[in-house]
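Heads up: the structure comes next, in structure tokens.
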Amino acid sequence: MDYKGLFFTVNPVFPVKDILTARLADLGFESFVDTEEGFEAYIPKEHYKKEEVLSLQEFDHAEWEISFEEKDFEDQNWNATWEASFHPIDVGDFVRVRAPFHDVKEGFKHEVLIQPQMSFGTGHHQTTFLIMKNMESINFEKTKVLDMGCGTGILAILAEKLGASSIDAIDIDHWSFENTKENIELNQSKNIVPILGGEEAIPAVQYDCIIANINRNILQAQLPRYARAMKKGARLFLSGFFTSDVPVLQQQAADLGIAFIAQDEKEGWAVWIGEKE
């Protein structure tokens, strides 16, 4: 499959880069690579609609400057580009995320191997980092976990390393589904079931913990389903949105019987943690 790459120059880089990448993800862009001037965004060529990109309201902001150039990529060239930009991610001394071609480094409680492909969730994005950071405070021993919008499978894999006995990892994107299977094998995970699909693919079971790192609109649409799938006392990790979105999601969660437990943020992005009452 051929890909279209957009090379963005933005001023200021923060917070424009983070806001714009979130908007582009909603348009179907699958992967992003940071640069000094801004970032690169990649989408299957057949799904690219330039007019949708230019219609984003961020381009009309008086205090921002945004421009981009287009470039076509063949599939094999994309993978080489992505691998070259992939660097290990250290979440304190709790977990290190690295690719198979990175050297082993001592001093971490856990290590997750991720084969870099075109899937979201390598640990580089603030939302994935935030969830991993806050997973350290939760007891996952012998729990049943749902990782919704699993991307690379990174959070499902970490949950197993923390003791989860059964994990369903769901993503609607076929590339993410295949990459999750690849990373499950790479980490020798035994308790993760990858599932291709959306909300309708959630099994009819009760979970001890649900992790959903998607975006605000999808989370709002799917929250009622999450609530029905949670045991009493189950924990819910929500991320993929900005700190300004927290009040809306928190109120909806409360209406569904999910009480606020904790919140964390990084560079304008948030993770919200709740418990089923």
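Positions are given from 1 along the sequence. Below, each value reflects all heavy atoms present in this structure, side chains not excepted, and no hydrogens, waters or symmetry copies.
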Find the distance between [atom1] ([X]) and [atom2] ([Y]) and round it off to the nearest 0.5 Å.
{"X": "C150", "Y": "D168", "atom1": "SG", "atom2": "CG", "answer": "10.5 Å"}
{"X": "T143", "Y": "I167", "atom1": "OG1", "atom2": "CD1", "answer": "7.0 Å"}
{"X": "I154", "Y": "L158", "atom1": "CD1", "atom2": "CG", "answer": "7.5 Å"}
{"X": "E58", "Y": "L24", "atom1": "CD", "atom2": "CG", "answer": "8.5 Å"}
{"X": "F29", "Y": "I43", "atom1": "CZ", "atom2": "CD1", "answer": "4.5 Å"}
{"X": "E160", "Y": "N191", "atom1": "CD", "atom2": "CG", "answer": "4.5 Å"}

Can a cation-pi geometry be assigned to K266 and F129, taking NZ or CZ under 6.0 Å from the six-membered ring centre and within 45° of the ring axis? yes

Of all heavy-atom pairs between [X] and [Y], which one has the smallest distance, and what is that distance?
{"X": "Q252", "Y": "P224", "answer": "NE2-CD, 3.9 Å"}
{"X": "A201", "Y": "G197", "answer": "CB-CA, 4.0 Å"}
{"X": "I184", "Y": "P194", "answer": "CD1-CD, 3.9 Å"}
{"X": "M132", "Y": "V97", "answer": "SD-CG2, 3.9 Å"}
{"X": "A169", "Y": "I192", "answer": "CB-CG2, 4.0 Å"}
{"X": "G274", "Y": "I261", "answer": "C-CG1, 3.8 Å"}

Which is it for Q263 and V271 under the side chain to side chain contact (heavy atoms under 4.5 Å, CB included) test, yes or no, and what are the steps along the way? CA-CA 6 Å; Q263 178 184 332; V271 61; over 6 Å; no

Quiz question: by atom type and distance under 3.5 Å, do the side chains of [X] and [Y] form a donor-acceptor pair?
{"X": "Q222", "Y": "E199", "answer": "no"}
{"X": "Y48", "Y": "E46", "answer": "no"}
{"X": "D60", "Y": "Q57", "answer": "no"}
{"X": "N213", "Y": "T127", "answer": "yes"}

Only residue of D103, V104, I114 satisfying side-chain contact (heavy atoms from CB on, under 4.5 Å) with R98 is V104

Can you tell if the side chain of [X] reaches within under 4.5 Å of the side chain of [Y], non-hydrogen atoms only?
{"X": "P15", "Y": "E267", "result": "no"}
{"X": "V10", "Y": "E65", "result": "no"}
{"X": "N134", "Y": "F237", "result": "yes"}

Given the rule that I, L, V, M, F, W and Y join up when any side-chain heavy atoms are under 4.5 Å apart, are [X] and [Y] in one cluster?
{"X": "F242", "Y": "V248", "result": "no"}
{"X": "L27", "Y": "I172", "result": "no"}
{"X": "L130", "Y": "F108", "result": "no"}

So W64 and H61, would you call those rings parallel, tilted or perpendicular, with 30° and 60° as cut-offs? parallel

Between D208 and the options K144, K276, K231, R235, the salt bridge (charged side-chain N to carboxylate O under 4.0 Å, His left out) test singles out K231

Hey, what else clusters with L186 if you join Ile, Leu, Val, Met, Phe, Trp, Tyr whenever side-chain heavy atoms sit under 4.5 Å? L113

Members besides I214 in its Ile/Leu/Val/Met/Phe/Trp/Tyr cluster (side-chain heavy atoms under 4.5 Å): L146, M148, I170, V193, I195, I202, V205, Y207, I210, I218, L219, L223, Y226, M230, L236, L238, F241, V246, L249, L256, I258, F260, W272

Is there a donor-acceptor pair under 3.5 Å between the side chain of [X] and the backbone N or O of [Y]?
{"X": "T243", "Y": "W269", "answer": "no"}
{"X": "T35", "Y": "G38", "answer": "yes"}
{"X": "N11", "Y": "I66", "answer": "no"}
{"X": "D90", "Y": "G92", "answer": "no"}
{"X": "N179", "Y": "T152", "answer": "no"}

Could you tell me whether [X] atom [atom1] has more than 12 heavy atoms of other residues or ligands within 6.0 Å of it?
{"X": "E51", "atom1": "CD", "value": "yes"}
{"X": "E69", "atom1": "CD", "value": "no"}
{"X": "K4", "atom1": "NZ", "value": "yes"}

salt_bridge([X], [Y]) N-O dist < 4.0 Å:
{"X": "K71", "Y": "E40", "answer": "no"}
{"X": "K232", "Y": "E277", "answer": "no"}
{"X": "E111", "Y": "K161", "answer": "no"}

Under 6.0 Å between ring centres, would you say that holds for Y3 and Y42? no

Are the aromatic rings of F39 and F8 close, with centres under 6.0 Å apart? yes

Before you tell me yes or no, could you show the steps for T180 and D171 under side chain to side chain contact (heavy atoms under 4.5 Å, CB included), namely the whole-Å CA-CA distance, both residues' side-chain angles and the distance that decides it to 0.1 Å? CA-CA 9 Å; T180 292; D171 205 293; 5.7 Å; no

Test: salt bridge (charged side-chain N to carboxylate O under 4.0 Å, His left out). Region: residues 209-229. Which pairs qualify, not counting sequence neighbours? R216-D245

Checking M135 against I211 for the side chain to side chain contact (heavy atoms under 4.5 Å, CB included) test, could you report, in this order, the C-alpha distance in whole Å, the side-chain angles of both residues, the deciding distance, and whether it holds? CA-CA 10 Å; M135 285 174 70; I211 301 169; 4.1 Å; yes

For side chain to side chain contact (heavy atoms under 4.5 Å, CB included), just list the numbers for N187 and V112, CA-CA rounded to whole Å, side-chain angles, deciding distance to a tenth of an Å, and then say yes or no. CA-CA 7 Å; N187 288 271; V112 175; 4.1 Å; yes

